[in-house]
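One structure is given below, encoded as structure tokens.
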Amino acid sequence: MKEKKFYITTPIYYVNDIPHIGNAYTTVAADVLARYHRMIGDRTFFLTGTDEHGAKIEKAAEKAGKNPKEFVDELAAKFELAWDELDISHDKFIRTTDENHIKAARNAMQYLYDKGFIYKGEYEGLYCLGCEQYKTEKELVGGKCPDHGTEPQKMKEECYMFKLSAFQDRILELIKKDELLVRPAERKNEIVSFLKNNPLSDISCSRKTVKWGIELPWDKEHTVYVWLEAFLNYLTGLGWDGRSPLHPPCEGGQSPLHPPCEGGQSPLIPLAKGGMWPPDVQLMSKDILRVHATIWPAMLLALNLPLPKQLFIHGFFLVDGKKMSKSLGNVIAPRDLIDKYGVDGARYLLMSATPFGHDGDVGWEKFDEKYNADLANGIGNLVARSVTLAEKMFAKNSGMQNIDENFQFSIFNFQIIFNNQFSIPTEDMKIKNVCQTYQDNFSLLKLEKVVDIINLQIKFLDSFITAVKPWEMIKNKDEEIGKIMYNILERLRIVSWMVWPFMPETAEKIWRQLGLKPAEEMKKDFNEAIKWGGLKPGTKIQKAEVLFPRVN
RNA sequence: CGCGGGGUAGAGCAGUUGGCAGCUCGCCAGGCCCAUAACCUGGAGGCCGUGGGUUCAAAUCCCACCCCCGCAACCA
């Protein structure tokens, strides 16, 4: 099998609140990558979902006068709806309350226990009687519980511990050698220096006091403490049953469920979906990097499973320079963005708000500016003017003439000059090279560069149109117009493919205006689709509604 | 010396194999009239945080210092 696979995950979101712009950012980014990989023909699996167990949810449910299951059902539905509204194309929405997840998690815990990675110990912490919860130092205000104003008491309880300490050296090595790639580089530095300088201690992985959770199979008084269980979603989301690595020897090195095993024996588990494991990219924000680069790989090592290839950490959004928080009242919900800018507008603004991997400052003013500049005045306007020109040309009884892209450069000089003194060699603007750079940047996850490439193509076409003045040629019945318009529309068609992972609906709207059927187009592979000549000269070009109305 | 990041045009940001400082918005002046009061061209506007060093050459590499932000583990 030559085809590649691509497995991407988002973290599962804790359902103690409705989705916000931060969750949406991670999810849209994952969606863009998943769509891109499907587009280039990779066998792709995109997993997202919700984390639904734990004391906080138990309490929040109680407060809302609901039983926990009802409570999480409602919130999980809100997440699913939000992703639906954002056109997220996940293959599976995993919930940690799913029957399969629970069963698998118990199997996995049992396995870890049997292998001696989990042992009985004690957890000591500061316990607030009012909250019936342990508090971390950070949660306390002046040494007191912010909710009850009382000082928490030191308490101990029996719990099970996971031998995290045993994995420190191996994890450090793996990260240093990029076998577990942590990107961007500054995040790798951070975690490497953390692992070098701080001894990892074993962590508690069960609670007696939390009822809303998954019971340990060998000790029903305990429930699994959240992190360990939550991480397993990346496996159970693929249909894993938790019986790791109890993979029967492959007879003759073959199995219908996964790629051939070496020597008939393999630690690879027969995951559903034909051997998707391990993840190629796991996206997350920086607050959960540390646990993902310690507990998570430790679990996989304990389970004897391959580690993810890459953890990619993106930044936080600041809203007008301030941290987004409920108390400041500056929380932006995905819904707010969609209402103002449309689904594709929202997706685009999230993805272009900041270089991928860095923190970014957002805000309504900035969103408005970017939306008008890039979408309304940029691609939206370009499509409108191109399609209108084509319609006018057809009305004058001229037709398009299929001619290769070199024609465009021959009349626009061999040196394309636009944007001040900035000049770009013709070679760089050739479709083949543009698409190559596009793909290179995508595989490096440089999404901001990918967006730049698209916008440069739009500028190029705008500049070209102004330079050749097709409207005059139409008036003068200049027969060269057929070639000019073909060049414009054909390049536009190819650009629309580049746009597709970010704004699928927009790409489809462009195709329709170009007389192409989205359903037919979607059958194509990217590399086939971007070949010059996809647009047939006789195609009926028809103007439709404005893609991105300006906002104020 | 806890760890990591940042300080570049009025605003927001790009910019490490060191090689004439760039983008978007805003501003000024032209052009165009196909298009969503849009598009194109040109212009003004920067001691690239400060002080040293390496180099023919530094925003970029090294050292010191100043200021800002995030993190400091069982916080889902």
Side-chain angles (χ1 to χ4, degrees), chain A residues 11-16 50-57 96 123 125 134-139 159 161-162 164 184 186-194 196-205 207 225-231 286-291 293-295 315-316 318 321 323 352-355 358-363 365-366 368-370 372-378 380-393 417-422 448-449 452 455-456 458-459 461-467 469-475 488 543 545-550:
Chain A
I12 45 175
Y13 306 109
Y14 201 58
V15 288
N16 55 358
T50 45
D51 185 7
E52 309 187 356
H53 287 127
K56 286 204 172 159
I57 283 168
T96 55
Y123 176 77
Y134 285 98
K135 295 284 171 183
T136 59
E137 298 266 342
K138 200 175 163 187
E139 282 175 304
C159 70
M161 306 289 288
F162 172 64
L164 180 58
E186 55 264 33
R187 296 269 100 89
K188 175 182 166 184
N189 294 344
E190 193 177 318
I191 202 70
V192 163
S193 106
F194 170 75
K196 264 187 197 159
N197 301 323
N198 304 67
L200 292 174
S201 48
D202 294 346
I203 57 167
S204 67
C205 63
R207 284 286 188 277
Y225 194 68
V226 286
W227 274 114
L228 253 70
E229 182 222 320
F231 281 134
K286 60 187 184 180
D287 53 337
I288 53 174
L289 163 63
R290 192 164 286 180
V291 285
T294 53
I295 304 173
F316 277 149
L318 297 175
K323 211 169 170 174
S352 61
T354 180
H358 296 161
D359 285 356
D361 196 17
V362 301
E365 252 177 68
K366 283 180 194 161
D368 282 356
E369 180 188 313
K370 196 110 180 108
N372 280 337
D374 295 352
L375 299 180
N377 301 347
N381 183 59
L382 173 65
V383 170
R385 70 192 300 212
S386 309
V387 169
T388 302
L389 283 168
E391 281 187 332
K392 295 197 178 191
M393 173 186 72
I417 299 168
F418 62 105
N419 261 346
N420 302 332
Q421 295 103 1
F422 206 57
E448 73 282 3
K449 296 257 195 261
D452 281 351
N455 286 327
L456 188 63
I458 289 160
K459 285 217 165 281
L461 279 170
D462 267 331
S463 177
F464 180 72
I465 291 172
T466 306
K469 301 187 184 13
W471 54 90
E472 275 185 12
M473 301 176 83
I474 292 168
K475 228 181 279 169
I488 293 169
K543 192 166 186 179
E545 88 276 29
V546 160
L547 291 179
F548 299 101
R550 286 177 60 86

Whole angstrom value for the distance that separates [atom2] of [N] from [atom1] of [X]:
X	N	atom1	atom2	value
A:Leu389	B:C34	CG	C1'	4 Å
A:Trp471	B:C34	CH2	C1'	6 Å
A:Ile465	B:G31	CD1	P	21 Å
A:Asp374	B:C39	CG	P	11 Å
A:Asn377	B:G26	CG	C1'	14 Å
A:Met161	B:C74	CE	C1'	8 Å
A:Leu375	B:U24	CG	P	15 Å
A:Ile458	B:U24	CD1	P	13 Å

Contacts of type side-chain contact (heavy atoms from CB on, under 4.5 Å), residue A:Asp361, not counting sequence neighbours
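A:Leu318, A:Lys366.
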Taking protein heavy atoms under 4.0 Å as touching, what does nucleotides 2-15 of chain B look like 5' to 3' if B marks base contact, S marks sugar-phosphate-only contact and - marks none?
-SSS------SSS-
OP1 or OP2 of [N] less than 4.0 angstrom from a side-chain nitrogen or oxygen of [X], does that happen here?
X	N	answer
A:Asn455	B:U24	no
A:Lys543	B:U36	yes
A:Trp227	B:C74	no

Using the [atom1] atom on both, measure [N] against [M] and round to a whole Å.
N	M	atom1	result
B:U16	B:C68	C1'	23 Å
B:A14	B:U55	C1'	26 Å
B:G10	B:C47	P	8 Å
B:C3	B:A72	P	16 Å
B:G46	B:A21	C1'	8 Å
B:A59	B:C48	P	7 Å
B:C27	B:G12	C1'	16 Å

NA contact type, A:Asp462, heavy-atom cut-off 4.0 Å: base, sugar-phosphate, or nothing?
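The residue A:Asp462 makes sugar-phosphate contact but no base contact.
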Which nucleotide, if any, forms a Watson-Crick or G-U wobble pair with [N], using both distances under 3.5 Å?
N	value
B:C48	none
B:U36	none
B:G2	B:C71
B:C61	B:G53

What about A:Ser204, does its side chain sit under 3.5 Å from the base of B:C74 through a donor-acceptor pair?
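Per atom types, the contact qualifies.
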Go through B:U36, B:A73, B:C39 for me and flag the one nearest to the A:Ala376 side chain.
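The nucleotide sitting nearest to the side chain is B:U36.
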Taking the nucleotide of RNA chain B with the closest heavy atom to each, which residue, A:Arg550 or A:Lys392, is nearer the 5' end?
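That would be A:Lys392.
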Are A:Glu472 and A:Lys475 ion-paired here, with the side-chain N under 4.0 Å from a carboxylate O?
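Between A:Lys475 and A:Glu472 there is no salt bridge, as every charged N stays at least 4.0 Å from the carboxylate O atoms.
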